[in-house]
**Q** 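Let me give you the structure first, and then I'll get to my questions.
The chain is numbered in sequence order, starting from 1. Whatever order the structure lists ligands and atoms in, that order sets their numbers, starting from 1.
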Amino acid sequence: MNDVKAVDVLIIGAGAAGLMCAITAGQRGRNVMVVDHANKVGKKILMSGGGRCNFTNMYAEPDNYLSENPHFFKSALARYTQWDFIELVNKHQIPYHEKKLGQLFCDNKASDIVEMLLAECDQAGALVQTHCSIESVTYDEQMSRYCVDTSLGTITAESLVVATGGLSIPTMGATGLGYELAEQFGLRLLPRSAGLVPFTLSKEQLLPFTTLVGSSADVRVTCGDQSFRENLLFTHRGLSGPVILQISSYWQPGQSIEIDWCPDMDLSDYLLNAKNDRPKAELKTVLGNLHTKSWASVFCEHWLSNQPMNTYSENQLEDIAEKLHCWKILPAGTEGYRTAEVTLGGVNTDDLSSKTMEAKSQKGLYFIGEVVDVTGWLGGYNFQFAWASGYAAGCFV
Ligand SMILES: Cc1cc2nc3c(=O)[nH]c(=O)nc-3n(C[C@H](O)[C@H](O)[C@H](O)COP(=O)(O)OP(=O)(O)OC[C@H]3O[C@@H](n4cnc5c(N)ncnc54)[C@H](O)[C@@H]3O)c2cc1C
């Protein structure tokens with residue numbers, strides 16, 4: 001491709017949002033091209049959901065998203081819902097199942113979703129080009145066209161869609177190009193940070209948990225006003241598992257999190273009953289029935305005590321219950337973009353139309369997907385926003 005190529009719509013980024021936008025615009029008869037610098041399309045889709053892609057969530061609704069403006073994404077999510085995407089998956093006869101909490105995964109492999117999107121692009125006449133690096137982007141006011149110099153030649157377009165995703169997992173092709181383009185065209189950015197990411201702990205904090213690495217526990221974790229109940233996983237760097245990934249998106253450095261090790265039960269009552277029923281049993285044996293024996297041993301050794309139940313007073317048992325229901329820990333940090341599933345923050349939604357995703361101050365320039373300051377919970381919500389925002393822009397580009 002050495003000559004100048006002219007298209008109606010140029011989409012930078014052949015990920016979830018970019019491909020959905022290409023399909024939608026192509027189906028409207030627009031001449032669409034998608035370019036990506038990676039060697040294959042949809043790398044994050046391929047690695048998502050442990051290789052099975054948690055492609056949407058049956059219960060997705062606006063409450064499952066974080067953004068400086070919690071109203072921005074309502075319109076897009078309402079116009080292209082999880083049921084619309086499920087219909088597309090059904091049309092392609094891709095087998096899937098609900099794993100838990102409305103999370104839909106492919107039965108076979110995530111590549112089923114990428115192949116489906118590529119087949120739809122093909123049918124809609126949208127051209128997808130990999131191995132294409134972006135060198136510069138300019139806007140010709142007189143022609144009302146974008147001029148994009150790439151490693152494969154110059155492409156001009158009436159509409160330019162930025163679908164370059166977030167910063168997480170740089171080894172998978174993540175770059176900050178989308179943010180640079182936003183700034184170049186005068187859009188504001190909100191601070192970015194790693195979301196859906198494991199917490200790290202200091203060496204001293206990690207020491208007591210050495211024997212627990214690899215084990216998990218069903219807990220409730222709270223940070224500020226937000227709490228989640230799911231599994232926590234002890235790792236050799238700190239804490240992970242779905243409940244930690246979820247709460248990490250609400251966490252600020254320097255903030256403690258509170259872990260309820262015995263959620264939705266009255267531990268005080270449980271311990272008082274155990275004192276009556278098993279007076280000679282040690283505390284760690286009694287607590288061992290709630291999680292694992294090693295968990296109980298670690299907690300008794302480091303933060304509680306370990307005596308026969310009949311030696312504890314009622315007040316002491318209440319204190320123990322209180323400690324385990326409201327156990328505070330101050331994470332040292334997060335594992336960062338290296339392992340984060342998403343990037344919080346990004347293009348300020350105040351500068352975009354919630355209906356079309358077009359920049360308010362720059363005609364024909366659109367931002368969709370994770371590059372925008374909209375972040376979903378763990379569980380298929382991020383893909384749902386990628387599909388929905390891609391569709392929203394695709395209807396107007
Ligand atoms: C390990 C992991 C697992 C995940 N699992 C799930 C899950 O199961 N369910 C869920 O809902 N979400 C999941 N997510 C989040 C989800 O993958 C993203 O939110 C989603 O992919 C965002 O879509 P997007 O199209 O905006 O960006 P992406 O899918 O990241 O696509 C961006 C595209 O832009 C291209 N690009 C970037 N920079 C440039 C450049 N300079 N030039 C050209 N092209 C460029 C990239 O190569 C990429 O193809 C997961 C994320 C990770 C990292």
**Q** Are Asp264 and Arg229 close enough for a salt bridge, meaning some N to O gap below 4.0 Å?
**A**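 Yes, Asp264 and Arg229 are salt-bridged.
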
**Q** Side chain or backbone, does Met172 bring an N or O within less than 3.5 Å of an N or O on ligand 1?
**A**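 Not met; the criterion fails.
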
**Q** Flag the pair Arg220 and Asp260 as a salt bridge only when some basic side-chain nitrogen lies within less than 4.0 angstrom of an acidic carboxylate oxygen.
**A**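 Looking at Asp260 together with Arg220, the answer is no, because their closest N to O distance does not fall below 4.0 Å.
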
**Q** Any idea which protein heavy atom is nearest atom 1 (C) of ligand 1, and the distance to it?
**A**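 The answer is Met47 CE, 3.8 Å.
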
**Q** So for Gly178, does at least one of its heavy atoms come nearer than 4.0 angstrom to any atom of ligand 1?
**A**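 Checking ligand 1 against Gly178, which is what was asked, there is no heavy-atom contact under 4.0 Å.
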
**Q** Number the atoms of ligand 1 from 1 as they appear, then name those within less than 4.0 Å of a heavy atom of Gly369, with their elements.
**A**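 Close to Gly369: 26 (O).
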
**Q** So, Arg145 and Asp140, do they make that salt bridge, N to O below 4.0 Å?
**A**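 No salt bridge links Arg145 with Asp140.
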
**Q** Quick one: look at Asn382 and ligand 1, take heavy-atom pairs under 4.0 Å, and tell me if it's side chain, backbone, both or neither.
**A**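 For Asn382, backbone and side-chain atoms both sit under 4.0 Å from ligand 1.
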
**Q** Can you confirm if the aromatic rings of Phe234 and Phe209 lie within a centre distance of less than 6.0 Å?
**A**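 Judged by ring-centre distance (under 6.0 Å), Phe209 and Phe234 do meet the cut-off.
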
**Q** Under a 4.0 Å N-O cut-off, is there an ion pair linking Glu318 with Lys323?
**A**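 No, no charged N to carboxylate O under 4.0 Å.
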
**Q** Who's the nearest protein heavy-atom neighbour of atom 9 (N) of ligand 1, and how far?
**A**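 Minimum-distance protein heavy atom for atom 9 (N) of ligand 1 reads Asn54 O, 2.9 Å.
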
**Q** Pick one of side chain, backbone, both or neither for how Asp36 approaches ligand 1, counting any non-hydrogen atom pair under 4.0 Å.
**A**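 Both backbone and side chain of Asp36 come within 4.0 Å of ligand 1.
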
**Q** Counting non-hydrogen protein atoms only, what is the nearest one to atom 34 (O) of ligand 1? Give residue, atom name and distance.
**A**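 Here the closest protein heavy atom is Gly13 CA, 3.3 Å.
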
**Q** Given Glu135, Met20, His37, Glu370, which has its nearest heavy atom closest to atom 42 (N) of ligand 1?
**A**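 Comparing heavy atoms across Glu135, Met20, His37, Glu370, the nearest one to atom 42 (N) of ligand 1 lies in His37.
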
**Q** As a check for students: among Phe383, Tyr337, Phe367, identify the option with a heavy atom nearest to atom 17 (O) of ligand 1.
**A**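 Residue with the shortest heavy-atom distance to the ligand atom: Phe383.
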
**Q** What protein heavy atom sits nearest atom 27 (O) of ligand 1, and how far away is it?
**A**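 Minimum-distance protein heavy atom for atom 27 (O) of ligand 1 reads Gly165 CA, 3.3 Å.
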
**Q** Can you list everything that forms a ring pair (Phe, Tyr, Trp, His ring centres under 6.0 Å) with His291? Sequence neighbours excluded, please.
**A**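 His291 satisfies ring pair (Phe, Tyr, Trp, His ring centres under 6.0 Å) with Trp295 only.
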
**Q** Side chain, backbone, both or neither: which part of Tyr381 comes within less than 4.0 Å of ligand 1 when only heavy atoms are counted?
**A**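 Tyr381 to ligand 1: backbone contact only, side chain stays beyond 4.0 Å.
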
**Q** Which residue and non-hydrogen atom of the protein lie closest to atom 25 (O) of ligand 1, and at what distance in Å?
**A**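 Among all protein heavy atoms, the one nearest atom 25 (O) of ligand 1 is Ala17 N, 2.9 Å.
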
**Q** Report the member of Arg52, Glu341, Gln384 with the shortest heavy-atom distance to atom 4 (C) of ligand 1.
**A**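 Closest candidate by heavy-atom distance is Glu341.
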
**Q** For Tyr146 and Tyr139, take the angle between the two ring planes, folded into 0 to 90°, and tell me which bin it lands in: parallel under 30, tilted 30 to 60, perpendicular over 60.
**A**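 Tilted.
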
**Q** Which protein non-hydrogen atom lies closest to atom 6 (C) of ligand 1, naming both residue and atom, and how far is it?
**A**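 I find the closest protein heavy atom is Ser48 CB, 3.6 Å.
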
**Q** For atom 31 (O) of ligand 1, what's the nearest protein heavy atom and its distance?
**A**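 Of the protein heavy atoms, Gly15 CA, 3.4 Å lies nearest.
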
**Q** Between Lys284 and Glu301, does at least one N-O distance fall below 4.0 Å, as a salt bridge requires?
**A**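 Between Glu301 and Lys284 there is no salt bridge, as every charged N stays at least 4.0 Å from the carboxylate O atoms.
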
**Q** Check each heavy atom of Ala163 against ligand 1 and say whether those closer than 4.0 Å belong to the side chain, the backbone, both or neither.
**A**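 The part of Ala163 near ligand 1 is the backbone, not the side chain.
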
**Q** Applying a strict 4.0 Å limit to heavy atoms, is Gly380 in contact with ligand 1?
**A**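 Yes; Gly380 lies near enough to ligand 1 that a heavy-atom distance drops under 4.0 Å.
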
**Q** Please write down residue, atom name and distance for the protein heavy atom closest to atom 53 (C) of ligand 1.
**A**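 Looking at atom 53 (C) of ligand 1, the protein heavy atom closest to it is Ile169 CG1, 3.4 Å.
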
**Q** Of Ile368, Thr175, Leu167, which has the heavy atom at the shortest distance from atom 41 (N) of ligand 1?
**A**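 Checking each option, the heavy atom nearest atom 41 (N) of ligand 1 is found in Thr175.
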
**Q** Can you sort out the partners of Ser256 under side-chain contact (heavy atoms from CB on, under 4.5 Å), two or more places apart, ordered by chain and number?
**A**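 Result, side-chain contact (heavy atoms from CB on, under 4.5 Å) vs Ser256: Leu330.
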
**Q** Is it true that Arg30 and Glu158 have a side-chain N and a carboxylate O under 4.0 angstrom from each other?
**A**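 A salt bridge links Arg30 with Glu158.
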
**Q** Tell me the contacting part of Ser133 for ligand 1: side chain, backbone, both, or neither, using a 4.0 Å heavy-atom threshold, strictly below.
**A**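 Near ligand 1, Ser133 shows nothing, with every heavy atom at 4.0 Å or more.
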
